[in-house]
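Notes to accompany the following structure.
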Amino acid sequence: MCGIVGYLGENAVRISAKKLELLQYRGYDSAGVGFIQNGKIHLSKTVGSVKNLRADYDSFSAIAHTRWATHGNVCTRNAHPHTSGENWAIVHNGIIENYTKLREGEFVSDTDSEVISFLLEKHGKGLNSVIETAKNLEGSFAILALEKGSELYAIKNKSPLFASANKSGIMFASDPICFCGFSDTYYTFCDKEVAKASGKTLKFYDFDGNEIAKECVGLDIDQTQSDKGDFDTFMRKEIYDIPFCQKRIYETYTNSYLLPIIKLFQSADEVWFIGCGTAYHACAYGEDVFAKAGKKTRAFIASEFRYSHIFPSKNTLCVFISQSGETADTLGALEKVDKICKTVALTNVGYSALAKSCQMVLPVLAGEERAVASTKAYVCQLTVLSLIARAISDRVVAIEIVDKQTIDELSGVAKRLVIGFDSKELFVLGRNADYVTAMECALKVKEVSYINANAYPTGELKHGFIALLSNDAQVLVFATSDDLMKKNCSGAQECKSRGANVTVITTSEHEFAGVDEIIKVGSYIQSVVFAQVFALECAIKRDTNPDMPKNLAKSVTVE
Ligand code: M6R
């Protein structure tokens, strides 16, 4: 996690700090900038968001960092940049796995990153010191190193890093999104590469010091949806983007576009879906919908799968689902199988490491998602999966496009429902595809409102967790599958008879007599959107910031 930016050119501090704001999705525990003034390295740091960072300094070179704490608590001392002498300042994204071995002598911070500035000082000056340092490091690292003389260096291994240049300067960043408005082209670092920016010159090297010729590529980033406009939060704005994004999916995934995709899915003996968090829930939905379409299928949590003893056969198709395409665990899972079977990335970021490493990319087409809690990307992932499954078998009904009026209505209901919600604990139930929604609802509620919401398959009630129910328990039941309506109904009644307050979100209101509240939705996908607006309203009621929840980051680029 963490976001890094470096700039060589006029107004380097202001430009770096401004661009850093775009990287706060990678973490926002602390922020800092390092720059040269009067031939000396200076640092400015703050705890919390970049907006608290003092950046009104004149300098021709700067490096900047927004942190998601891995090693060392959140405080100014642990905020980047780090220095270990007078000659070098560094910012780092990733984890230096051999840092304990490298920590010799006095260190100021508790971070793994400080060993980098320590090694740079130890190895002396210039490119030689950068390469020697890089060779000593193990783990994942995107590093920017500022040398006293104004030169800027970059090192990359396993964490994302990009560079771009225009006639006024040279920029490095964790995400090419920073290059919007700066240049139309950029360079992508490969693992074990170093770059040196000096004056107007940018050069790339391998870890042996050999210069590398690198081609730039065109910048194609849609930032049209990155403003929250009149909405109170990005999360709400992004839920309201859903109709537009789904329409774009329907326009893109036409019959002819789907042809090679269907061929690939049909030729596989099995389809496995692999992802983390909300993207894992999309995997679980994929498992359900492709089973309906008659495929052998499984869903895996990437962080578990990558270290498991489960391996695909060569005729398995592994579909990796990730909004960002940079999730370390998902990339780790891909690394485990990519020599064995065919791989597909279902991702929202076409230039991501996942997209680049899989044999086929299915675009999610959700546009930029800023809120940490994924909403529109999730609905888009489900929409794409349902369209492919539908193209394979007419036993599947493709997810329909949700309209604005429905979102308005569901939001109104959610707002009213949370008024009576005082519970610190929430039980969310469902079966099969509705259990997937229950898991997603519980995750979303936890993430943005910090209520301890937990999902259970309705049928598991009597196997244990019913022991937790009493008069003050709050239960949500998702029930949209016709064939499981009666089963969900019994589950709801069992909760009711233990005194719990039960709300059912269902397509069939007639089944659930006696529960406390029935919320009628028109379809499965409407129940998913209800789960999202419900979580958002829980956050609003509890006055938390749903766009930047505590302890989280949007892109989880470390294990
Ligand atoms: O970028 P990815 O889809 O790979 O991210 C995976 C999870 O980290 C992510 O879905 C996380 O659970 C979200 N914060 C959910 O809202």
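Just follow the structure's listing: the first ligand is 1, and inside any ligand the first atom is 1.
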When the aromatic ring centroids of [X] and [Y] are compared, is their separation below 6.0 Å?
X      : Y      : result
Phe231 : Tyr240 : yes
Tyr435 : Tyr285 : no
Phe179 : Tyr187 : no

Under 3.5 Å, side chain of [X] to main-chain N/O of [Y], donor-acceptor pair present?
X      : Y      : result
Thr297 : Val271 : yes
Trp68  : Asn551 : yes
Lys376 : Glu368 : yes
Asp434 : Ser481 : yes

Q: Tell me, please: is Cys276 in heavy-atom contact with ligand 1, that is, under 4.0 Å?
A: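 Within the 4.0 Å threshold, so yes.
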Q: Report yes or no: does a heavy atom of Ser555 sit under 4.0 Å from some atom of ligand 1?
A: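 Distance cut 4.0 Å: Ser555 fails for ligand 1.
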Under 4.0 Å from any heavy atom of [X], which atoms of ligand 1 are there?
X      : value
Gln323 : 1 (O), 2 (P), 3 (O), 4 (O)
Glu447 : 13 (C), 14 (N), 15 (C), 16 (O)
Lys444 : 15 (C), 16 (O)
Ala279 : 3 (O), 10 (O)
Ala373 : 16 (O)
Val556 : 8 (O)
Ser322 : 1 (O), 2 (P), 3 (O), 4 (O)
Ser374 : 15 (C), 16 (O)

Q. Can you tell me which residue and heavy atom of the protein come closest to atom 1 (O) of ligand 1, and the distance to 0.1 Å?
A.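 Among all protein heavy atoms, the one nearest atom 1 (O) of ligand 1 is Ser324 OG, 2.6 Å.
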Please determine if [X] has a nitrogen or oxygen closer than 3.5 Å to a nitrogen or oxygen of ligand 1.
X      : result
Thr327 : yes
Val372 : yes
Thr278 : yes

Q | Under-4.0 Å salt bridge between Lys247 and Glu251 | A |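 Answer for the salt bridge query: yes.
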Q. Do the charged groups of Asp29 and Arg67 touch, with an N to O distance under 4.0 Å?
A.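 The answer is no: the pair does not qualify as a salt bridge.
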